[in-house]
Every structure is written in C-alpha cells, then in structure tokens.
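The structure appears below as structure tokens.
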Amino acid sequence: MTFSIVARCARTGAMGMAIASSSPAVAARCAHGRAGVGVVASQNVTDPRLGPRALDLMAGGATAAEAVAILARTGGPMDWRQVLAVDAAGGTAIHTGARVLGIGAGARGPDAAAAGNLLADPGVPQAMVAAFAATGGHLGDRLMRALEAARDAGGEAGPARSAGLLLVHEQPWPLADLRIDWTEADPVAAVGAAWAVYRPQMAAYVQRALDPDAAPPFGVPGDP
C-alpha cells in the first residue's frame with residue numbers, strides 16, 4: 001500500500017524521506033526522523049512505534065542495519081512490517097516481512113534505500129534509488145524526483161491518495177514536513193507543488209526560530 005525512500009545528503013549531513021500510499025495520511029504514521037541520528041520509514045500494516053524505537057537505537061550507537069535487525073528480532077509481528085532506515089553515516093537497511101501485502105520489494109544505493117508493498121512492479125524501488133542517485137541539488141529535490149520516478153514506474157497497484165516529504169538537519173525540529181493527507185488527484189504532484197513553494201522560504205523559517213531580530217519579513221499583508 002506504500003512506497004518510500006529514505007536518504008542522506010553526503011555533502012550536508014541532512015537526512016530525509018519521501019513516501020506515498022493509497023491509504024490516507026501516510027506520512028503521519030510512517031515518517032520518522034531525528035537530526036544527526038537517522039530517518040526511518042515504518043510501513044505496511046503500520047506500527048508507528050517502530051520508527052521512534054529505531055531512532056532511539058541509532059541515537060544509542062546502533063547503525064541502521066543493527067537497529068533494523070534488532071526490530072526484526074524483537075519488534076513483535078514483524079512478518080507484517082516493512083521498515084527502512086538510514087543513519088547519520090549514510091548506512092541503510094531494509095526489512096520486508098514475509099506477509100507484506102502484494103508485491104513487496106526493496107533496493108539500496110549510496111546513502112539511500114527504497115521499498116514498497118502492494119507495488120505495481122517489483123522494479124519500483126530500484127527506480128527510486130536510481131533517480132535519487134542521478135539527481136543533483138538539494139536533498140528535498142532529490143527525494144521528490146525519486147518519488148516521481150516511483151509513480152512513473154507504476155507505483156502501487158492502485159492509485160496513491162496521500163504523500164509526504166520529511167527533512168531533518170541540525171535542529172531538533174524538522175527542516176521540512178510537508179504532507180498531503182488525502183486527494184483524489186496526484187498526491188506526489190501536490191507535495192511537489194508544496195515543496196516548490198516552501199523550499200525558497202525554508203531557511204528563513206529556521207532563522208525566525210533562532211534569531212527573529214535578523215529574520216526577513218513574511219511578505220504578507222500587515223507584516224511590517
């Protein structure tokens with residue numbers, strides 16, 4: 001019911017993920033990140049507890065592979081679960097349980113891992129990883145291109161209805177957390193449109209939190 005990618009920018013150390021699903025509000029349940037620690041996608045018959053637990057393990061010194069292996073042994077009915085993780089060093093791991101829905105598959109590349117379930121084609125995760133590797137620029141741009149590539153490669157067996165983009169970097173709050181919780185149209189395109197609006201303002205929002213006296217105005221009516 002879901003396809004996603006987790007990744008790290010080797011240049012800046014930022015990490016993030018992009019995700020889409022036929023289910024509503026996929027990013028609210030499945031997207032987990034912590035600056036300087038890692039990013040985790042917990043999907044397919046989702047247990048949202050798995051994401052924070054994996055992040056706690058990585059914060060305690062585990063690699064992505066070690067954290068996912070611990071979850072696979074101790075995380076309950078993991079045959080139903082699919083978990084992807086990337087750590088602060090760019091290490092990645094994927095767990096796909098034997099009972100994930102429909103076609104379940106995963107792929108890994110430098111600083112990135114992608115996976116999905118109920119896929120239209122088992123090559124969808126590899127298309128995501130390839131698109132991420134082939135795209136330059138900001139991590140958010142690369143993740144969105146990977147999500148678009150998954151959609152264009154067939155995505156899910158049915159239409160996607162929700163999507164999200166999560167970025168973490170340096171601060172304890174997300175650098176970006178953009179979500180389309182339900183649409184009858186294309187949620188990947190909708191998140192891409194939101195990213196196009198938010199990206200040029202993103203640094204200003206961080207500055208407003210850290211140093212509002214030096215921050216730029218909002219540029220809206222009534223703002224001096």
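Values in this document were obtained by computation on a predicted structure and should not be read as measured data. Note: hydrogens, waters and symmetry copies are ignored here, and every other heavy atom, side chains too, is used.
L50 is connected to V68 through a chain of hydrophobic side-chain contacts under 4.5 Å among Ile, Leu, Val, Met, Phe, Trp and Tyr, so both are in one cluster. The same ILVMFWY cluster, assembled from side-chain heavy atoms under 4.5 Å apart, contains both L139 and V191. In this structure, M202 is not a member of the same hydrophobic cluster as L166, with clusters built from ILVMFWY side-chain heavy atoms closer than 4.5 Å. Residues L178 and V168 fall into different hydrophobic clusters, defined by Ile, Leu, Val, Met, Phe, Trp and Tyr side chains chained together at heavy-atom separations under 4.5 Å. No chain of hydrophobic side-chain contacts below 4.5 Å, direct or via other Ile, Leu, Val, Met, Phe, Trp or Tyr residues, connects I180 to M17.
Of all the heavy atoms in V40 and V6, the pair that sits closest is C-CG1, 4.5 Å. Residues M78 and H95 come closest through the heavy atom pair O-NE2, 2.9 Å. A67 and A62 get closest at one heavy-atom pair: N-CB, 4.1 Å. Across all non-hydrogen atoms, the minimal contact from D121 to A153 is CB-O, 4.2 Å. What you find for G116 and P125 is that their closest heavy atoms are N-CG, 4.1 Å. Between R208 and A215 the shortest heavy-atom distance is CG-CB, 3.5 Å.
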Quiz item: Does the salt bridge (Lys or Arg N to Asp or Glu O under 4.0 Å) test come out yes or no for D181 and R179, once each step is laid out?
Solution: CA-CA 6 Å; D181 286 339; R179 304 177 181 182; 5.6 Å; no

Quiz item: Stepwise, does the side chain to side chain donor-acceptor pair (under 3.5 Å) test hold for R53 with S42?
Solution: CA-CA 11 Å; R53 186 174 173 203; S42 171; over 6 Å; no

Quiz item: Are R151 and E148 close enough, and set up right, to give a salt bridge (Lys or Arg N to Asp or Glu O under 4.0 Å), and what steps lead you there?
Solution: CA-CA 5 Å; R151 176 199 60 194; E148 292 162 356; 5.2 Å; no

Self-check item: Step-by-step side-chain contact (heavy atoms from CB on, under 4.5 Å) determination, V124 to I103
Solution: CA-CA 10 Å; V124 167; I103 295 175; over 6 Å; no

Self-check item: Trace of the side-chain contact (heavy atoms from CB on, under 4.5 Å) decision for L71 with R81
Solution: CA-CA 10 Å; L71 292 186; R81 317 301 188 195; over 6 Å; no

Exercise. Step by step, work out the salt bridge (Lys or Arg N to Asp or Glu O under 4.0 Å) result for R34 and D56.
Key: CA-CA 9 Å; R34 197 176 300 171; D56 287 344; 3.0 Å; yes

Exercise. Determine, step by step, whether E184 and R161 satisfy the side-chain contact (heavy atoms from CB on, under 4.5 Å) criterion, reporting the C-alpha distance in whole Å, the side-chain angles of both residues, the deciding distance to 0.1 Å, and the verdict.
Key: CA-CA 6 Å; E184 299 289 337; R161 296 302 188 198; 3.5 Å; yes

Quiz item: Could you go step by step and tell me if I5 and L147 meet the side-chain contact (heavy atoms from CB on, under 4.5 Å) rule?
Solution: CA-CA 8 Å; I5 182 169; L147 201 64; 5.6 Å; no

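Under a 3.5 Å cut-off, the side chain of H32 and the backbone N or O of L55 do not form any donor-acceptor pair. Judged by distance alone, the side chain of Q126 and the main-chain N or O of G123 form no donor-acceptor pair under 3.5 Å. A donor-acceptor pair is defined here as one N or O able to donate and one able to accept, closer than 3.5 Å; such a pair exists between the side chain of E156 and the backbone of S22. Side-chain N or O atoms of R142 include one that pairs as donor or acceptor with a backbone N or O of F132 at under 3.5 Å. In this structure, the side chain of S21 engages the main chain of S23 through a donor-acceptor pair within 3.5 Å.
L84 has its side chain within reach of Q43: a pair of non-hydrogen atoms, C-beta onward, lies under 4.5 Å apart. At least one side-chain heavy atom of N117 sits less than 4.5 Å from a side-chain heavy atom of T2. Residues L118 and F3 are not in side-chain contact: their nearest non-hydrogen atoms beyond the backbone lie 4.5 Å or more apart.
The aromatic rings of H138 and W195 lie tilted to each other, with the angle between the two planes from 30° to 60°.
Y198 contributes atom OH, which lies 6.5 Å from atom CG of L175 (distance to the nearest 0.5 angstrom). Here CG of L167 is found 9.5 Å from OG1 of T12. Values are rounded to the nearest 0.5 Å. In this structure, CG on L165 lies 9.5 Å from CG on D141, to the nearest 0.5 angstrom.
Of the N and O atoms on the side chains of R29 and S162, not one donor lies less than 3.5 Å from an acceptor on the other residue.
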